[in-house]
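The structure appears below as structure tokens.
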Amino acid sequence: KNSKNMVVKARPGGNRAILEMERRRAKEARIEETMKHNAMITKTRSLAVWENRTLETIERSNKERRIREDNSRRQAEVTERQIKLNELYKKEEKMWREQI
């Protein structure tokens with residue numbers, strides 16, 4: 001019997017060659033399947049790496065945007081406080097000059 005469970009008729013010397021050819025074909029088929037499987041794994045890994053890098057880029061961009069927004073908001077608050085303090089200073093200076 002060969003690897004496909006078929007009965008092979010006996011031929012002097014030919015039976016061995018047929019069996020070797022069938023073994024070689026089976027081995028080549030296994031190698032081809034392994035190569036296809038490895039290619040699929042490589043493609044899947046590459047996609048996962050791309051997705052992870054893309055996610056990291058998006059998260060980094062979001063983090064940087066939030067930092068810029070926070071800094072801008074804080075700067076606006078500081079500017080507003082400076083304006084109020086300047087107005088208060090001018091009022092107090094005016095009151096002081098009026099008292100003198």
Side-chain angles (χ1 to χ4, degrees):
K1 290 186 175 185
N2 61 21
S3 63
K4 295 181 182 179
N5 294 327
M6 295 175 55
V7 176
V8 178
K9 294 182 180 179
R11 282 189 255 156
N15 200 19
R16 184 174 180 198
I18 292 172
L19 290 175
E20 287 299 318
M21 187 171 54
E22 289 174 352
R23 285 187 195 118
R24 182 181 47 80
R25 286 181 183 161
K27 183 178 178 181
E28 289 172 354
R30 285 192 307 271
I31 291 171
E32 187 176 332
E33 286 300 315
T34 300
M35 290 174 67
K36 286 180 184 178
H37 181 72
N38 288 345
M40 182 189 69
I41 288 173
T42 300
K43 184 177 179 180
T44 302
R45 271 195 194 140
S46 296
L47 181 60
V49 167
W50 177 81
E51 287 176 343
N52 289 338
R53 286 183 181 164
T54 301
L55 180 61
E56 289 171 0
T57 301
I58 291 169
E59 289 174 344
R60 185 174 50 252
S61 295
N62 288 341
K63 182 179 178 181
E64 290 170 356
R65 179 185 46 78
R66 285 191 306 269
I67 290 170
R68 283 192 308 274
E69 289 172 354
D70 286 347
N71 287 342
S72 178
R73 182 181 46 79
R74 287 185 184 127
Q75 185 60 45
E77 290 171 355
V78 166
T79 302
E80 184 180 338
R81 283 195 305 268
Q82 287 174 337
I83 291 170
K84 288 181 180 180
L85 286 173
N86 192 21
E87 290 172 356
L88 179 63
Y89 173 77
K90 286 180 182 179
K91 285 180 184 178
E92 288 181 354
E93 184 180 21
K94 182 180 176 184
M95 289 172 55
W96 179 77
R97 290 191 186 272
E98 288 174 356
Q99 290 179 357
I100 293 182

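Source: prediction; values computed, not measured.
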Quick test of your reading of the model: are [X] and [Y] salt-bridged, counting only N-O distances below 4.0 Å?
X   : Y   : value
E59 : K63 : no
E20 : R16 : no
K91 : E87 : no
R73 : E69 : no
E56 : R60 : no

Measure the [atom1]-[atom2] distance between [X] and [Y] for me, rounded to the nearest 0.5 Å.
X   : Y   : atom1 : atom2 : result
E93 : N86 : CD    : CG    : 10.0 Å
R81 : I83 : CZ    : CD1   : 11.5 Å
H37 : T42 : NE2   : OG1   : 9.5 Å
R53 : I58 : CZ    : CD1   : 14.5 Å
E98 : M95 : CD    : CE    : 8.0 Å
S72 : E77 : OG    : CD    : 10.0 Å

Subject >> CZ (R45) with more than 12 external heavy atoms under 6.0 Å >> reply: no

**OP:** Please indicate whether R97 has more than 12 foreign heavy atoms, meaning atoms of other residues, nucleotides or ligands, lying under 6.0 Å from its CZ.
**Re:** no

Subject >> Side chain proximity check, R25 to M21, heavy atoms < 4.5 angstrom >> reply: yes

**OP:** Under the side chain to side chain contact (heavy atoms under 4.5 Å, CB included) rule, what do L19 and E22 come out as? Steps first, then yes or no, please.
**Re:** CA-CA 5 Å; L19 290 175; E22 289 174 352; 4.0 Å; yes

**OP:** In sequence, state the C-alpha distance, the side-chain angles, and the governing distance for E64 and R68, and then conclude on side chain to side chain contact (heavy atoms under 4.5 Å, CB included).
**Re:** CA-CA 6 Å; E64 290 170 356; R68 283 192 308 274; 3.8 Å; yes

